Amino acid sequence: MSNHIDLLFDFFHQYVNIGIQENIFNEFNKKSISIDFSSKSRQGDISSNFYLVAIKKNLDKKFDLKTDLLKKINNLFFVENCEISKNGFININIKKNFLLDQIKNLLEAKHSFGKSNSGGGKKVNVEFVSANPTGPITVAHMRGAVLGDVISSLLAESGFEVTREYYVNNAGSQIDTLGISLYKRYLELFGEAIELNNDEYPGSYLIDIANKIKKIDGDKWRNKDTNERKEYFKDFAVTYLIEFIQNDLQLLNIDFDKFTFEKDIVSNQIINELFKILNEKKLLYKGTLEKPKGEDSDDWEPREQLLFKSSDIFDHQDRALQKSNGEWTYFANDAAYHLDKYKRKFDKLINIWGADHIGYIPRMRSILKTISSSDDYLEILTCQIVRLIKNNEILKMSKREGNFITLREVYDEVGKDPLRYFMISTKSETSMDFDLNKVLEKNKDNPVFYCQYAYARASSVINKASSLGINLESFDKYNQATNNLTKDEIEIILKLLSYPYILQQASNYREPHRLTNFIEDISTLFHSFWNKGKENESLRFIDNQDIIKTQSKLLWLHSMRIVFENVFKIIGIDFHETM
RNA sequence: GCGCCCGUAGCUCAAUUGGAUAGAGCGCCAGACUACGGAUCUGGAGGUUAGGAGUUCGACUCUUCUCGGGCGCGCCA
């Protein structure tokens, strides 16, 4: 069964179709129709701009749009009354027993309430984190990690088939350096004096890994300067570090369906296929780039390179595919990797990148436009940095000296729920402050707690009622239940019923923070209503003398729990009946 | 120098992608507990949405310019 928002949209769309047939409207962009279902202004249960939009399209001066609209909307079976305000907004009140029908649907649908099939089973690949395996995962990847995970869940909730993927850069010079660093630690275990260069990795985790090699192979590699040894140390380091990274991410319940390794991309020669495509489209050529405008480019000298003509597409300059030593650039391999994803028949690719990669977006979009002939086959979401605040001070980090804060350290300090919640509760493109002290407070300043507490209180009422022998029974009993409810409660119910739309929007716009705002709003309404019961006994949830009235409240309390559980599951935080 | 992201109350953030009087929390001021959990609630003060110009019935949102902050700018990943 459709809800009132769907039905109203249907009505408007139908109204436009008929209007066009009868030459009342000409072209009409239906997307300009909006329905405001949160009813902030409290001028009706829901409202719409339809009249404002439609009046501009009205070709027939003799046609009285206002009267016709009012008459037809008032005739809709779910509409109690309807009016058009002075400034042109349509305000509608919904019949209470129709709201009740929808509550029934919600309670029957339970955890599938809000799910949709708008994705139509299309395959989406969400690539996120993809941190280089040169050390433990740090706070720099924290936001992208949670965002990627939650967006994946959101898409799954909207009927997409989602693959969570991690691209492991285990080729290239950083990994060479990692192998060398590990080898030095290995030699150190045999009493050799070592010295790490500036660019080498100082972290103590490499000592642990070196010990593992020593345990397995003894001194086998001590005096070997062969390629075999170099590859062995690189692979060994990457294997263990990926395992560390996986373990760290699992602290936040983040799991990946697939890890793809750069080395495999290189050895599979996918890049040749890529070059073939670029050649066919005449986007591959040898040439010389202009001197970059950056500050410290003194050592620059013109050099002929293999280039991708990305400036023909989205980029403002062409991009190098090959280094002067003959190796492919990072970009070339990454482009090949994206071709690999395309060949795996995903309908859409989503990448989640940190702010430091923003400049990289146009070239990658150019590649995927070339491969897929679609502007939006690849979608890149970026997240700005998170500043950590502790005791009112900004925690400064630098990669030198291993002076970075790891994900695990933050996890140890605050735990999973506040971490996950705060990472997605603001728009990702805005830089944010994460206050380690504040997120642990157990008061209303802390939205995680505030929402979980609302859930616990709702549970508490349900359990208390149950202990008094009051439970929900057959739904037929509640035909008149809405008569027992106050305006505040109807507002909560309207809000709960709008959940499928909030979810859809969060999914469409890749904005999980809409969900946290949503449950914070409901929590506020709920706590506020709760408190009114203190002053006015008739507003309390449980009334022994009036079982039906109590059950009427249980109807929406159960609904609220279901909606909260759905949201909590999507954003990946726990919920408890007692705090 | 160029490109991208951002700028909303003293602070941290919203604003249903162009809708009605820009909303919450913290902090500040003034109040409410013989309770279905006071870990909460009620009221008040606080804004030229960084600034100017434009687009239209209507702009925090779109265009443009200025200012301020962040990120990036060949053979690093």
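Note that this is a predicted model, so its numbers are computed, not measured. Throughout, a chain's letter reflects where its sequence line sits, starting with A, and its residues are numbered from 1.
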Aromatic Phe314(A) / basic Arg365(A) pairing, under 6.0 angstrom, 45° off normal | yes
What nucleic acid atoms does Asn169(A) come within less than 4.0 Å of, heavy atoms only: base, sugar-phosphate, or nothing?
-> sugar-phosphate
When you compare rG44(B) with rC5(B), how far apart are their P atoms, in angstrom units rounded to a whole number?
-> 40 Å
With respect to the phosphate group of rG74(B), does any side-chain polar atom (N or O) of Tyr360(A) fall under 4.0 Å of OP1 or OP2?
-> no
Do we count Phe89(A) as stacking onto rA20(B) if the rule is ring centres under 5.5 Å and planes under 30°?
-> yes
Considering only NZ, NE, NH1 and NH2 on the basic side and carboxylate oxygens on the acidic side, decide whether Glu127(A) and Lys341(A) come within less than 4.0 Å.
-> yes
How far, in whole Å, is rA20(B) from rA15(B) if one measures between their C1' atoms?
-> 13 Å
Give none if rA35(B) has no partner; otherwise give the nucleotide forming a Watson-Crick or G-U wobble pair with it, both distances under 3.5 Å.
-> none
Taking syn as any angle within 90 degrees of 0 and anti as the rest, which one fits rU63(B)?
-> anti
Have a look at Ser528(A) and say if it touches a base, only the backbone sugar-phosphate, or nothing, with a 4.0 Å heavy-atom cut-off.
-> sugar-phosphate
Determine: side-chain N/O of Ser460(A) to OP1/OP2 of rG37(B), distance under 4.0 Å, yes or no.
-> yes
Are the aromatic ring centres of His141(A) and Phe128(A) under 6.0 angstrom apart?
-> no
Check ion pair Lys230(A)-Asp176(A) (N to O, under 4.0 angstrom) = no
Classify the nucleic acid contact of Arg514(A) as base, sugar-phosphate or nothing, counting any heavy atom under 4.0 Å across all strands shown.
-> base
Could you state the atom-to-atom distance from CZ of Phe9(A) to P of rU16(B) in whole Å?
-> 14 Å
For the side chain of Ser47(A) and the base of rA20(B), is some donor closer than 3.5 Å to an acceptor across the two?
-> yes
So, is Arg457(A) near the phosphate of rG38(B), with a side-chain N or O under 4.0 Å from OP1 or OP2?
-> yes
Donor-acceptor pair under 3.5 Å, Asp356(A) side chain vs rA77(B) base | no
If pairing requires Watson-Crick or G-U wobble contacts with both distances under 3.5 Å, which nucleotide is the partner of rC76(B)?
-> none
Base-pairing assignment for rA24(B) (Watson-Crick or G-U wobble, both under 3.5 Å) = rU12(B)
Watson-Crick or G-U counterpart of rG54(B), or none if no pair lies under 3.5 Å | rC62(B)
By the Watson-Crick or G-U definition, both distances under 3.5 Å, rU48(B) is matched with none
When all nucleic acid strands are considered with a 4.0 Å heavy-atom cut-off, which category describes Tyr501(A): base, sugar-phosphate, or nothing?
-> nothing
Is a side-chain donor-acceptor pair under 3.5 Å present for Arg457(A) with Ser523(A)?
-> no
Determine the interatomic distance between C1' on rU61(B) and the same-named atom on rA77(B); round to the nearest Å.
-> 36 Å
Mind checking Glu511(A) for me? I need base, sugar-phosphate or nothing, with any heavy atom below 4.0 Å counting as a touch.
-> base
In Watson-Crick or G-U wobble terms, both distances under 3.5 Å, what is the partner of rG3(B)?
-> rC71(B)
